[in-house]
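Because the structure is predicted, anything quoted here is derived from the model rather than measured. All residue numbers in this chain count up from 1 along the given sequence.
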Amino acid sequence: MNQFFKFFFASILGTLVAVILFFVLGFFFVLGIAASTNKKPNISNNSVLEIDLSNFVPEHTNNIGFQGFGDFNQPSALGIHDIVKAVEYAKSDSKIKGIYLSSAQVNTGGMVKVRLLREALLDFKKSGKFVIAYSKSYTQNAYYLASVADQIYLNPVGFIDFRGFGGVISFYKNLIDNIGVEMDVIYVGDYKGASEQFRLTKLSPENRLQLKEYINHMYSTLLTDLSQARNLSRDSLHFIADNFYSGNAEKALAVGLVDSIGYEEEAMNFIRQKIDLGKDKKIKFVSLDKYFSTIPMATNKKVKDVVAVVYAEGAIVDGKEENGIISDQPYIELANKLRKDSKVKAVVLRINSPGGSAVASENIWNSLKQLSNSGKPIIVSMGDVVASGGYYLS
């Protein structure tokens with residue numbers, strides 16, 4: 001019996017020691033992960049900042065809703081304003097010698113974000129540092145961004161999808177009439193085009209007018225900016241777009257849209273020359289995410305006057321907070337918090353929204369009105385889309 005208790009207590013003691021060791025080792029393991037996560041990476045001298053915008057770029061960093069189970073391994077999504085901040089910091093960073101634009105497409109959702117970054121790149125070039133672009137092919141937005149580069153490379157079998165702007169709208173009224181479906185559409189005003197697909201069979205004159213207005217304005221801006229960047233007249237660019245002379249690499253070179261036809265290695269050799277790096281030597285590229293994590297953030301707790309920047313991005317819905325959408329509850333709570341905070345003297349509201357729930361829009365509007373009535377100015381900055389409920393908040 002004594003032998004039994006001897007082995008019994010020994011086994012309990014062994015188990016207890018194992019559990020303690022497990023928790024101790026686990027604690028240090030987690031501590032190690034936290035330390036490595038918080039540790040800022042080092043940027044080497046003679047580095048080149050690589051900008052790849054093929055993944056979606058939100059207004060605010062990581063403000064992307066859940067897209068499906070494949071999203072678990074998605075990298076962090078740096079917001080456009082943080083990307084601009086990285087470019088601005090790189091301008092005076094002696095370790096960064098230039099910028100390499102490597103995107104075939106710029107996934108921003110519209111021209112506003114692209115133009116914001118484009119202007120930052122133009123300012124970056126004032127430092128005397130280079131901007132180089134290479135791609136197998138370019139979407140129109142990607143080319144618009146790449147047009148600021150000192151040298152644009154295009155793959156020998158690549159093309160530039162430069163054709164201007166247009167719109168295609170599908171109408172469903174005949175379809176729903178034929179299958180016996182009746183739709184009750186509530187809309188206000190002659191220029192409410194969002195519901196026309198279900199109540200008309202073609203564009204109303206008012207909707208046609210407003211579509212032409214903003215499409216022509218966007219196209220005019222595109223032509224003006226490209227004209228200045230590539231030293232081509234607006235008429236020439238208009239002709240190139242109408243005839244799709246950018247449809248292959250040879251034509252794109254002939255009309256002056258690109259500087260060189262070649263493979264990526266030729267672009268790499270050009271970069272090596274710019275940074276005085278020997279042939280076949282590895283270029284020290286640094287990604288946007290990595291570089292942004294090294295930028296020191298200003299923190300001054302003694303500041304008494306604060307301008308709060310609030311991002312409202314996505315569809316407007318009822319409910320609790322969720323990335324990629326504008327839920328009314330958290331925005332109401334935030335507006336109330338800003339109203340009561342004596343340090344906050346004004347608010348900049350950055351909106352990029354197609355609208356959504358009328359009730360949620362009304363609730364957020366009311367909270368913003370109370371904030372404004374408290375004497376704190378609200379300044380609205382509009383992104384790519386500010387429509388319906390998004391404009392109502394504005």
Side-chain angles (χ1 to χ4, degrees), residues 47-57 70 73-75 77-78 80 83 87 97-111 113-115 117-118 120-122 124-125 130-166 222 225-226 229-232 237 240-275 277 279-291:
S47 292
V48 176
L49 179 61
E50 181 175 3
I51 297 181
D52 181 353
L53 305 180
S54 54
N55 291 322
F56 180 68
V57 179
N73 294 322
Q74 287 292 324
L78 208 59
I80 187 63
I83 292 173
V87 172
K97 301 303 180 184
I99 289 176
Y100 174 48
L101 303 175
S102 60
S103 299
Q105 61 178 348
V106 174
N107 197 357
T108 59
M111 272 188 69
K113 294 179 199 168
V114 183
R115 198 160 195 258
L117 176 56
R118 193 177 183 275
L121 290 172
L122 286 170
F124 173 87
K125 289 175 63 176
F130 66 85
V131 177
I132 303 296
Y134 168 84
S135 183
K136 298 173 184 176
S137 60
Y138 291 95
T139 62
Q140 189 159 265
N141 267 0
Y143 179 71
Y144 179 53
L145 184 66
S147 65
V148 304
D150 302 291
Q151 194 80 4
I152 303 177
Y153 286 85
L154 180 62
N155 188 277
V157 294
F159 68 94
I160 302 170
D161 192 15
F162 173 52
R163 290 182 280 185
F165 296 101
L222 178 71
D225 290 347
L226 290 180
R230 298 301 301 172
N231 197 25
L232 295 168
L237 288 164
I240 292 168
D242 278 357
N243 293 277
F244 198 31
Y245 276 5
S246 59
N248 66 61
E250 293 293 341
K251 285 185 178 179
L253 179 63
V255 297
L257 292 181
V258 299
D259 299 295
S260 185
I261 297 173
Y263 300 96
E264 188 174 29
E265 189 56 31
E266 293 174 52
M268 296 300 101
N269 287 334
F270 188 89
I271 293 175
R272 290 186 181 98
Q273 292 176 12
K274 298 292 287 185
I275 61 177
L277 194 64
K279 188 177 180 181
D280 298 328
K281 293 289 185 179
K282 186 176 180 181
I283 301 171
K284 298 173 184 175
F285 286 113
V286 55
S287 69
L288 273 172
D289 283 343
K290 180 179 178 181
Y291 186 67

*Asks:* If only atom types and distance count, is the side chain of Gln273 paired as donor or acceptor with the main-chain N or O of Phe270 below 3.5 Å?
*Replies:* no

*Asks:* Does the Arg118 side chain pair with the main chain of Val148, one donor and one acceptor, at a distance under 3.5 Å?
*Replies:*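 Not a single qualifying donor-acceptor pair exists.
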
*Asks:* Given Leu49, which partner from the list Val131, Leu101, Ile99 fulfils the side-chain contact (heavy atoms from CB on, under 4.5 Å) test?
*Replies:*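 Checked Val131, Leu101, Ile99 against Leu49; only one passes side-chain contact (heavy atoms from CB on, under 4.5 Å): Ile99.
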
*Asks:* Which atom pair, heavy atoms only, marks the closest approach of Gln105 to Ala142?
*Replies:*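 In terms of heavy atoms, the two residues are closest at CA-CB, 3.8 Å.
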
*Asks:* Using a 4.5 Å cut-off on heavy atoms from C-beta on, say whether the side chain of Leu222 contacts that of Gln140.
*Replies:*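 Touching, per the 4.5 Å side-chain cut-off.
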
*Asks:* Does the side chain of Tyr100 pick up a donor-acceptor pair with the side chain of Asp52 at under 3.5 Å?
*Replies:*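 No, no side-chain donor-acceptor contact under 3.5 Å.
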
*Asks:* Do Ile51 and Leu121 come within less than 4.5 Å of each other through their side chains, counting heavy atoms only?
*Replies:* yes

*Asks:* Output the distance between atom CD1 (Ile271) and atom CD (Glu265), rounded to the nearest 0.5 Å.
*Replies:* 10.0 Å

*Asks:* What are the two closest heavy atoms between Ile80 and Val57, and how far apart are they?
*Replies:*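 In terms of heavy atoms, the two residues are closest at N-CG1, 3.7 Å.
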
*Asks:* For the residue pair Tyr138 and Tyr143, categorise the inter-ring angle as parallel (less than 30°), tilted (30 to 60°) or perpendicular (more than 60°).
*Replies:*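 Because their plane-to-plane angle is over 60°, the rings of Tyr138 and Tyr143 count as perpendicular.
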
*Asks:* Taking atom OG of Ser47 and atom CD1 of Ile283, what is their separation to the nearest 0.5 Å?
*Replies:*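 One finds 11.0 Å between OG of Ser47 and CD1 of Ile283.
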
*Asks:* Indicate yes or no: at least one non-hydrogen side-chain atom of Ser102 is less than 4.5 angstrom from one of Tyr134.
*Replies:*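 No, side chains not in contact.
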
*Asks:* Please report the shortest heavy-atom distance between Ser103 and Ser54, naming the atom on each side.
*Replies:* OG-N, 3.9 Å

*Asks:* If I take atom CD1 from residue Ile83 and atom CG from residue Leu78, how far apart are they, to the nearest 0.5 angstrom?
*Replies:*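 Between Ile83 CD1 and Leu78 CG, I get 5.0 Å after rounding to 0.5 Å.
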
*Asks:* Going from OG on Ser135 to CG on Asn155, what distance comes out if it is rounded to the nearest 0.5 angstrom?
*Replies:* 8.5 Å

*Asks:* Which heavy atom of Arg272 sits nearest a heavy atom of Lys279, and at what distance?
*Replies:*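 Closest pair (atom of Arg272, atom of Lys279, distance): CD-CA, 4.3 Å.
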
*Asks:* Quick one: does Tyr144's side chain get under 4.5 Å of Leu226's, heavy atoms only?
*Replies:* yes

*Asks:* Within the 4.5 Å heavy-atom criterion, are Leu257 and Tyr245 side-chain neighbours or not?
*Replies:*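 Side chain of Leu257 against side chain of Tyr245, heavy atoms only: no contact under 4.5 Å found.
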
*Asks:* Answer whether the closest heavy-atom distance between the side chains of Leu117 and Leu145 falls below 4.5 Å.
*Replies:*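 When only atoms from C-beta onward are counted, Leu145 and Leu117 do touch, with a gap below 4.5 Å.
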
*Asks:* Can you tell me how far apart CD (Glu264) and CG (Asn269) are? Round to the nearest 0.5 Å.
*Replies:*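 Those atoms lie 11.0 Å apart.
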
*Asks:* CG of Asp242: more than 12 outside heavy atoms within 6.0 angstrom?
*Replies:*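 Above 12, so yes.
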
*Asks:* Do you know the tightest heavy-atom contact between Lys251 and Asn248?
*Replies:*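 For Lys251 and Asn248, the tightest heavy-atom pair comes out as N-OD1, 2.8 Å.
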
*Asks:* Taking all heavy atoms of Phe159 and all of Phe244, pick out the closest pair and write down the distance.
*Replies:* CD1-CZ, 4.5 Å

*Asks:* Could Asp225 and Arg115 be called an ion pair, given the rule that one side-chain N must be under 4.0 Å from one carboxylate O?
*Replies:*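 Looking at Arg115 together with Asp225, the answer is yes, because their closest N to O distance falls below 4.0 Å.
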
*Asks:* State the CD1-CD1 distance between Ile160 and Ile152, to the nearest 0.5 angstrom.
*Replies:* 7.0 Å

*Asks:* Considering residues, nucleotides and ligands other than Phe165, do more than 12 of their heavy atoms fall under 6.0 Å from its CZ?
*Replies:*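 Atom CZ in Phe165 is packed in, count exceeds 12.
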
*Asks:* Donor-acceptor pair, Lys97 side chain versus Ile275 backbone, under 3.5 Å?
*Replies:*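 No, because the side chain of Lys97 does not come within donor-acceptor range (under 3.5 Å) of the backbone of Ile275.
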
*Asks:* Does any part of the side chain of Asp259, heavy atoms only, come nearer than 4.5 Å to the side chain of Tyr153, both counted from C-beta?
*Replies:* no

*Asks:* Do the non-hydrogen side-chain atoms of Asn141 and Leu53 ever get within less than 4.5 Å of each other?
*Replies:*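 Result no, sub-4.5 Å side-chain heavy-atom pair not found.
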
